[in-house]
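In what follows, chains carry the letters A, B, and so on, assigned in the order in which the sequence lines appear, proteins first and then strands, with residues in each chain numbered from 1.
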Protein chains: 2
Amino acid sequence: MMNEKASTAPERPRSLEARIQEHLSELPSSERKLAELILDFPGELSAYTATELAKLAGVSKAAASRLFKRLGFTNFEEARRLVRDIKQWGSPIYLHERQQDSSPLPSEKQAFLDDHVAALTRTFEQLNEADIEAALQRIVEARRIWLVGFRNSYFMAAYARWQFIQFRQQVHLLPHPGETFGEHVTEFGEDDLLIAVGMRRRVPELERVMQAAHERGMPVLYLTDSLAGDKKPVATWTLRCDISSSFLFHSYVGPMGLIHYLSVQAVRLTGKSGRVRLEDIEIAHEKMGDFDD
Amino acid sequence: MMNEKASTAPERPRSLEARIQEHLSELPSSERKLAELILDFPGELSAYTATELAKLAGVSKAAASRLFKRLGFTNFEEARRLVRDIKQWGSPIYLHERQQDSSPLPSEKQAFLDDHVAALTRTFEQLNEADIEAALQRIVEARRIWLVGFRNSYFMAAYARWQFIQFRQQVHLLPHPGETFGEHVTEFGEDDLLIAVGMRRRVPELERVMQAAHERGMPVLYLTDSLAGDKKPVATWTLRCDISSSFLFHSYVGPMGLIHYLSVQAVRLTGKSGRVRLEDIEIAHEKMGDFDD
DNA sequence: CCGCCCCTGAAATTGAAATTTCAGGGGCGG
DNA sequence: CCGCCCCTGAAATTTCAATTTCAGGGGCGG
């Protein structure tokens, strides 16, 4: 076997790319062609079969098989696992390796960045203008705004509330500390607006609140993820965000971008009065010495 | 241009997720379990085999095979291809190219998108690796984690808490509803960690909390914006985010990205125990019928 | 309470991907 | 110019994932 002794094999999981670099100079041409391809590969390597990679590189399947052997794997499957799991779970060791890169942004961080950018882009691309227009109008005109979000959606509702109170009054985040839903639901009125944030995974409670609003003739703006079913609950308008990520946790930059967008546009809609209010708040804070800097 | 509604759209390759949504209600339980898993799947689906997915969902391989058939694929391989190629199609690079063409995105939305992307990029570029490493270690090892954030920083602390409780216990968000700070501050201990989120504009209270932690020999991770002065408060580690935006409100996608990054890396650090906890949570939820879909 | 229908996972079968074998080359030292 | 050695891809073989089959339930209408 061409497997040069374990002498150079520290039993640590080195990344596939590292192993390739290490052996690159001593690889025969067909295997090297494949190795180069892998180093340049833009996509998720582990999503491809050895046969496909071989074809892409224009070499035989045999060459592929031999390459992975030579790189110290027992077979292709082992390499594929490594790539996949490093992406998913990483390992401190692996991360360390990458930091030695002289690239401006270590590729691991780059991968996170790309992930968020992709999610944001998809979110903005698929926004439904018509619903946004209508919802904005209501955000501006509603007598009161009720915001609700459970679990992972709670903080987005909190963010939206913070933004909205910058330009209007009567923005309530539910459930209020120490209060139950019932108290507020009975207050729901026709002139109000419910904004329900419901990213996967939703709890049944959310739909109950939406239903309650609906029954009282109150419009509902539903912010959800793009995977949500079409059996839309009783939403008047639905805005979907892409929260997919290739890492362990979803990315919520999409919804953040959307709420930011809604906020800015809403202020524009309110016109001068909104801006004045912003200034008022600013002034009030300063008078009270609220700020640090 | 033709504005073809989804109804008339012929065989535009529908995404796997879309197909699942469409059939979700009529799926038998074992197949549905698997479908749910796929909808929630954070990683690169196409990097996994049907057998692995089945195992993760706790169903038989047969169920997996049947599911993909029922979704309209001729076999699993076809589904895997679809996922892989759509992902490739939606990659940031590809999207970037696309944007230069016949602007599919109205320039106004494009401007928002660019703004966020810029903020994210600057945030990731300037991250201090050394502080991150140290902070991560502490996030994993601390006995308790206290999260604090006022005003516009509150929702980020809430987000961080939600993420962190996915893989560890004893993560507390301050101030707790209906409680004052004093009660908790006296609990601060050397083995704990305080994570203070303080984006402009800060209130004096934040520094008081940080000071209190400091006096009790407790390390402090300070998440702030890049404009924060250097007269850094008593922070052990400081991580800065770029929140600048050319619009009326700041963009908080930077901090979101950072917290996401910290969460994923922290889980990686905790290793198997963290993963196990993730699984446990999932199971617990299912038992309680917490979820809607 | 029967019996139909569909669901389920274990096990057998199929089939594709990966590995190994093998029969040519081609470079290069002797 | 010979001959060794290693490379190469086609083809045979092996391996293992995916599919199909099948026997055993369980719900529900009759």
Side-chain angles (χ1 to χ4, degrees), chain A residues 1-5 8 16 19-20 22-38 41 43-85 88, chain B residues 16 19-20 22-38 41 43-85 283 286-287 289 293:
Chain A
M1 187 91 6
M2 48 203 64
N3 195 354
E4 44 191 62
K5 265 309 175 189
T8 49
L16 174 62
R19 294 198 196 197
I20 290 179
E22 184 182 329
H23 289 127
L24 200 54
S25 54
E26 60 201 45
L27 290 179
S29 82
S30 78
E31 290 173 40
R32 178 187 289 226
K33 252 203 272 183
L34 186 53
E36 298 279 7
L37 177 95
I38 292 172
F41 204 77
E44 185 61 30
L45 199 70
S46 53
Y48 291 75
T49 68
T51 306
E52 288 172 308
L53 294 175
K55 201 168 294 172
L56 284 171
V59 301
S60 70
K61 299 186 293 172
S65 202
R66 282 192 284 260
L67 172 63
F68 290 99
K69 278 267 163 59
R70 203 189 302 263
L71 292 177
F73 299 98
T74 64
N75 56 30
F76 172 74
E77 185 57 24
E78 189 178 298
R80 153 190 273 229
R81 274 256 158 71
L82 177 76
V83 169
R84 189 184 74 186
D85 293 347
Q88 190 70 54
Chain B
L16 172 63
R19 295 199 196 198
I20 290 179
E22 185 181 329
H23 292 132
L24 198 55
S25 54
E26 61 201 43
L27 289 179
S29 83
S30 76
E31 291 172 42
R32 177 186 285 231
K33 251 203 268 183
L34 184 54
E36 295 282 2
L37 177 95
I38 291 173
F41 205 77
E44 184 61 31
L45 198 71
S46 52
Y48 292 74
T49 67
T51 306
E52 288 171 308
L53 294 176
K55 201 168 294 172
L56 283 172
V59 301
S60 70
K61 299 187 292 172
S65 204
R66 282 191 285 260
L67 171 62
F68 290 98
K69 278 266 162 60
R70 203 187 302 263
L71 293 178
F73 299 99
T74 64
N75 56 31
F76 172 73
E77 184 58 23
E78 188 178 300
R80 156 190 272 224
R81 276 259 161 70
L82 178 75
V83 169
R84 190 181 74 185
D85 295 345
I283 290 163
E286 273 167 21
K287 282 206 184 117
D293 56 354

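Where pairing requires Watson-Crick or G-U contacts shorter than 3.5 Å, the helical stems of DNA chain D with at least three consecutive pairs are C:1-30 with D:1-30.
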(request) List the protein contact pattern of nucleotides 8-18 of chain C with one symbol per nucleotide (5' to 3'): B for base contact, S for sugar-phosphate-only contact, - for none; contact means a heavy-atom distance under 4.0 Å. (result) BBB------SB

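Put simply, B/K69 has no side-chain N or O that comes within less than 4.0 Å of OP1 or OP2 on D/dA18.
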(message) Set out, in order, the CA-CA distance, both residues' side-chain angles and the distance that settles side chain to side chain contact (heavy atoms under 4.5 Å, CB included) for B/L53 and B/L45, then state yes or no.
(response) CA-CA 9 Å; B/L53 294 176; B/L45 198 71; 4.0 Å; yes

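Between A/L16 and A/F68, the closest side-chain pair of non-hydrogen atoms falls below 4.5 Å. Taking 4.5 Å as the limit, some side-chain heavy atom of A/E77 sits within range of a side-chain heavy atom of A/R80. With a 4.5 Å cut-off on side-chain heavy atoms, B/R66 and B/S30 do not count as touching. Put simply, the side chain of B/E36 reaches to within 4.5 Å of the side chain of B/L24, judged on heavy atoms.
Without hydrogens or angle criteria, A/E31 side chain to A/P28 main chain gives no donor-acceptor distance under 3.5 Å. Side chain of B/R84 to backbone of B/S46: no donor-acceptor contact under 3.5 angstrom is found.
Taking B/E78 as the reference, nothing meets the salt bridge (charged side-chain N to carboxylate O under 4.0 Å, His left out) condition, with sequence neighbours excluded.
Taking atom CD of residue A/E78 and atom C1' of nucleotide D/dC16, one finds them 16 Å apart after rounding to whole Å.
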